Chemist: 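Dropping a structure here in C-alpha cells format, bear with me for questions.
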Amino acid sequence: MNITDERVTAYLQGLYRPLNPFLSRLRAEAEEEGIPIILRDTETLVRSLLAIRRPERILEIGTAVGYSALCFAAAAPQAEILTCEIRPELVRRAEANIKKAEEQGDLFCENGKSLNRRIRVVCGDAAETLRQAHVSGNAAFCGSQSTGGSKEISENEENPIFDFIFLDGAHGHYRAMWQAFRPFCASGTVVLADNVLFKGMTASEDFLDCHRNRTIMNRMRGYLTYVTELSDAETSVLSVGDGVALSVIR
C-alpha cells in the first residue's frame with residue numbers, strides 16, 4: 001500500500017534513476033522475487049543525504065540481498081560499510097551480489113579500493129552484536145559471526161563512530177536497536193529509520209490488516225515517540241516510501 005496518493009507516487013517513481021546498470025538489474029531481480037529492499041523514493045533521499053553528509057563509516061541494520069549496501073557504496077565511494085543481517089541465507093546472497101558487483105570495477109570503487117575491503121557483512125542479531133562490541137570496548141565485529149570484508153573496518157579500535165546509520169531491521173525492535181548503536185554515534189551522526197509508518201498502520205488502526213501486526217504497530221509508535229522526544233537528537237518523520245524517521249544526533 002502506498003501511504004501517499006497513488007498518482008503522486010507514480011509521478012515520483014517516474015523521476016527515479018538507478019545509480020548504475022548493475023544496481024538496476026539487482027533491484028529488478030529483488031522486486032520480481034518479492035524481496036523487500038529500499039523503496040525507490042527512499043533510495044533517492046538516502047543518496048541525497050549521503051552526498052550532503054559524506055560519511056566515512058556507515059552502519060546498516062538489515063542487509064537483505066545487499067542492494068542498499070551496494071547503493072551506499074556507489075553513492076558514497078569514500079565510505080566503509082558495516083551491514084548486519086540475521087538470516088544466513090540472505091547473508092550468502094548478499095555476499096554473492098557483492099562479489100558480482102566487485103567485477104564491475106569502477107562502478108563501486110574509488111582509488112582502487114575493492115568492495116571486499118569496503119563492505120563487511122555480519123551475520124547475527126544486530127542489537128546483540130552491537131551491545132557485545134560496546135561491552136568489550138571495541139567494535140571489531142570479527143569472529144564466527146562475521147563474513148567477508150576487511151579487518152581494517154573497525155578492528156582493534158575502541159567504539160568507532162558511524163557517520164550514517166540506516167535502520168531497516170525487524171520493525172518491532174527499532175528502539176532496542178537505537179539503544180544498541182547509540183554508543184557508536186557522535187554529534188552529527190545521521191540515523192535514517194525506514195518503514196516507520198508500516199503501510200499506514202502506525203498512523204491509524206484503520207490500516208491494520210491483521211491482529212499479529214498490532215504489536216509491531218504499537219512498538220513502532222513507541223519508537224517514534226521515543227526518538228522525537230529525545231533531548232540529544234532532532235528527528236523528523238517523513239512520508240517518503242513507507243515512512244522514514246530522519247534523526248540527527250546533537
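All figures in this text were calculated on a predicted structure; none of them were measured in a lab. What's counted below: heavy atoms across the whole structure, side chains too, no hydrogens, waters or symmetry copies.
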Chemist: Using side-chain heavy atoms (C-beta onward) and a distance below 4.5 Å, is Phe164 in contact with Leu192?
Modeler: yes
Chemist: Is Leu49 reachable from Leu12 through a run of hydrophobic residues whose side-chain heavy atoms are each under 4.5 Å from the next?
Modeler: no
Chemist: Is there a path of hydrophobic side-chain contacts, each under 4.5 Å between heavy atoms of I, L, V, M, F, W or Y residues, that connects Ile86 with Ile216?
Modeler: no
Chemist: Could Glu80 and Arg120 be called an ion pair, given the rule that one side-chain N must be under 4.0 Å from one carboxylate O?
Modeler: no
Chemist: Any donor-acceptor pair under 3.5 Å linking the side chain of Arg57 with the backbone of Ala79?
Modeler: no
Chemist: Give me the atom names and distance for the closest heavy-atom approach of Ala64 to Ala94.
Modeler: O-CB, 3.7 Å
Chemist: Please enumerate all residues that pass salt bridge (Lys or Arg N to Asp or Glu O under 4.0 Å) together with Arg92, with sequence neighbours excluded.
Modeler: none
Chemist: State, with a plain yes or no, whether a side-chain heavy atom of Arg219 is found less than 4.5 Å away from one of His171.
Modeler: no
Chemist: Side-chain polar contacts of residues 35-46 - donor-acceptor pairs under 3.5 angstrom, sequence neighbours left out - could you list them?
Modeler:
residue: Arg40; atom: NH2; partner: Glu31; partner atom: OE1; Å: 3.1
residue: Asp41; atom: OD2; partner: Gly241; partner atom: N; Å: 3.1
residue: Glu43; atom: OE1; partner: Tyr16; partner atom: OH; Å: 2.9
residue: Glu43; atom: OE1; partner: Arg27; partner atom: NH2; Å: 2.8
residue: Glu43; atom: OE1; partner: Tyr67; partner atom: OH; Å: 2.6
residue: Glu43; atom: OE2; partner: Tyr16; partner atom: OH; Å: 3.1
residue: Glu43; atom: OE2; partner: Arg47; partner atom: NH1; Å: 2.8
residue: Thr44; atom: OG1; partner: Arg40; partner atom: O; Å: 3.0

Chemist: Supply the atom-to-atom distance Leu130 CG to Phe184 CZ, rounded to the nearest 0.5 angstrom.
Modeler: 5.5 Å
Chemist: For Glu60, give me all partners under side chain to side chain donor-acceptor pair (under 3.5 Å), at least two apart in sequence or on another chain.
Modeler: Ser68, Thr83
Chemist: Can you tell me if CD on Glu32 sees more than 12 non-hydrogen neighbours from other groups inside 6.0 Å?
Modeler: no
Chemist: Ala69 and Ile119: which non-hydrogen atoms are nearest, and at how many Å?
Modeler: O-CD1, 4.1 Å
Chemist: Only one of Val8, Leu15, Thr9 forms a side-chain contact (heavy atoms from CB on, under 4.5 Å) with Tyr11, so which one is it?
Modeler: Leu15
Chemist: Please tell me if the side chains of Leu224 and Thr202 come closer than 4.5 Å, counting only heavy atoms from C-beta onward.
Modeler: yes
Chemist: Indicate the atoms forming the closest heavy-atom contact of Cys185 with Ile165, along with that distance.
Modeler: SG-CD1, 3.6 Å
Chemist: With rounding to the nearest 0.5 angstrom, report the OG1 to CZ distance, Thr225 to Arg175.
Modeler: 9.0 Å
Chemist: Is the shortest side-chain N to carboxylate O distance from Arg53 to Asp163 below 4.0 Å?
Modeler: yes
Chemist: Start with the C-alpha distance between Trp178 and Leu230, add both sets of side-chain angles, then the distance that settles side chain to side chain contact (heavy atoms under 4.5 Å, CB included), and finish with yes or no.
Modeler: CA-CA 12 Å; Trp178 176 285; Leu230 285 172; 3.4 Å; yes
Chemist: Quick test of your reading of the model: are Arg131 and Glu128 salt-bridged, counting only N-O distances below 4.0 Å?
Modeler: yes
Chemist: If you measure from CG on Asp242 to NZ on Lys199, what distance do you get to the nearest 0.5 Å?
Modeler: 7.5 Å
Chemist: I'd like to check Phe207 versus Leu197 (side-chain heavy atoms, cut-off strictly below 4.5 Å). Are they in contact?
Modeler: no
Chemist: Indicate the atoms forming the closest heavy-atom contact of Ile58 with Ala76, along with that distance.
Modeler: CD1-CB, 4.5 Å
Chemist: Looking only at heavy atoms, what is the nearest atom pair of Ala245 and Thr235, with distance?
Modeler: CB-CG2, 4.3 Å
Chemist: Mind checking whether Leu90 and Val65 have side chains closer than 4.5 Å, heavy atoms only?
Modeler: yes
Chemist: Could you check whether Phe162 and Phe181 have their ring centres less than 6.0 Å apart?
Modeler: no
Chemist: Between Glu29 and Arg93, is the salt bridge (Lys or Arg N to Asp or Glu O under 4.0 Å) condition met? List the steps.
Modeler: CA-CA 12 Å; Glu29 291 172 7; Arg93 289 194 62 174; 5.5 Å; no
Chemist: Heavy atoms, side chains only, cut-off 4.5 Å: are Arg214 and Glu205 in contact?
Modeler: yes
Chemist: Any side-chain to backbone donor/acceptor pair from Asn20 onto Leu23? Under 3.5 Å, distance only.
Modeler: yes
Chemist: Write down the atom of Ile61, the atom of Ala126, and the distance for their closest heavy-atom approach.
Modeler: CG2-CB, 3.6 Å
Chemist: To the nearest 0.5 Å, what is the distance between CG (Asp168) and CG (Asp194)?
Modeler: 4.5 Å
Chemist: So, do Leu70 and Ile98 sit near enough that their side-chain heavy atoms are less than 4.5 Å apart?
Modeler: yes
Chemist: What's the verdict on side chain to side chain contact (heavy atoms under 4.5 Å, CB included) for Gln132 and Thr129, showing C-alpha distance, side-chain angles and the deciding distance?
Modeler: CA-CA 5 Å; Gln132 290 178 1; Thr129 299; 5.7 Å; no
Chemist: Flag the pair Glu85 / Val122 as yes when at least one side-chain heavy-atom distance between them is below 4.5 Å, and no otherwise.
Modeler: no
Chemist: For Leu115, does its backbone N or O pair with a side-chain atom of Glu102 as donor and acceptor, under 3.5 Å?
Modeler: yes
Chemist: Any chance you could measure Ser247, atom OG, to Tyr226, atom OH, to the nearest 0.5 Å?
Modeler: 10.5 Å
Chemist: Nearest 0.5 Å please: distance from the OG atom of Ser236 over to the CG atom of Leu246.
Modeler: 6.0 Å
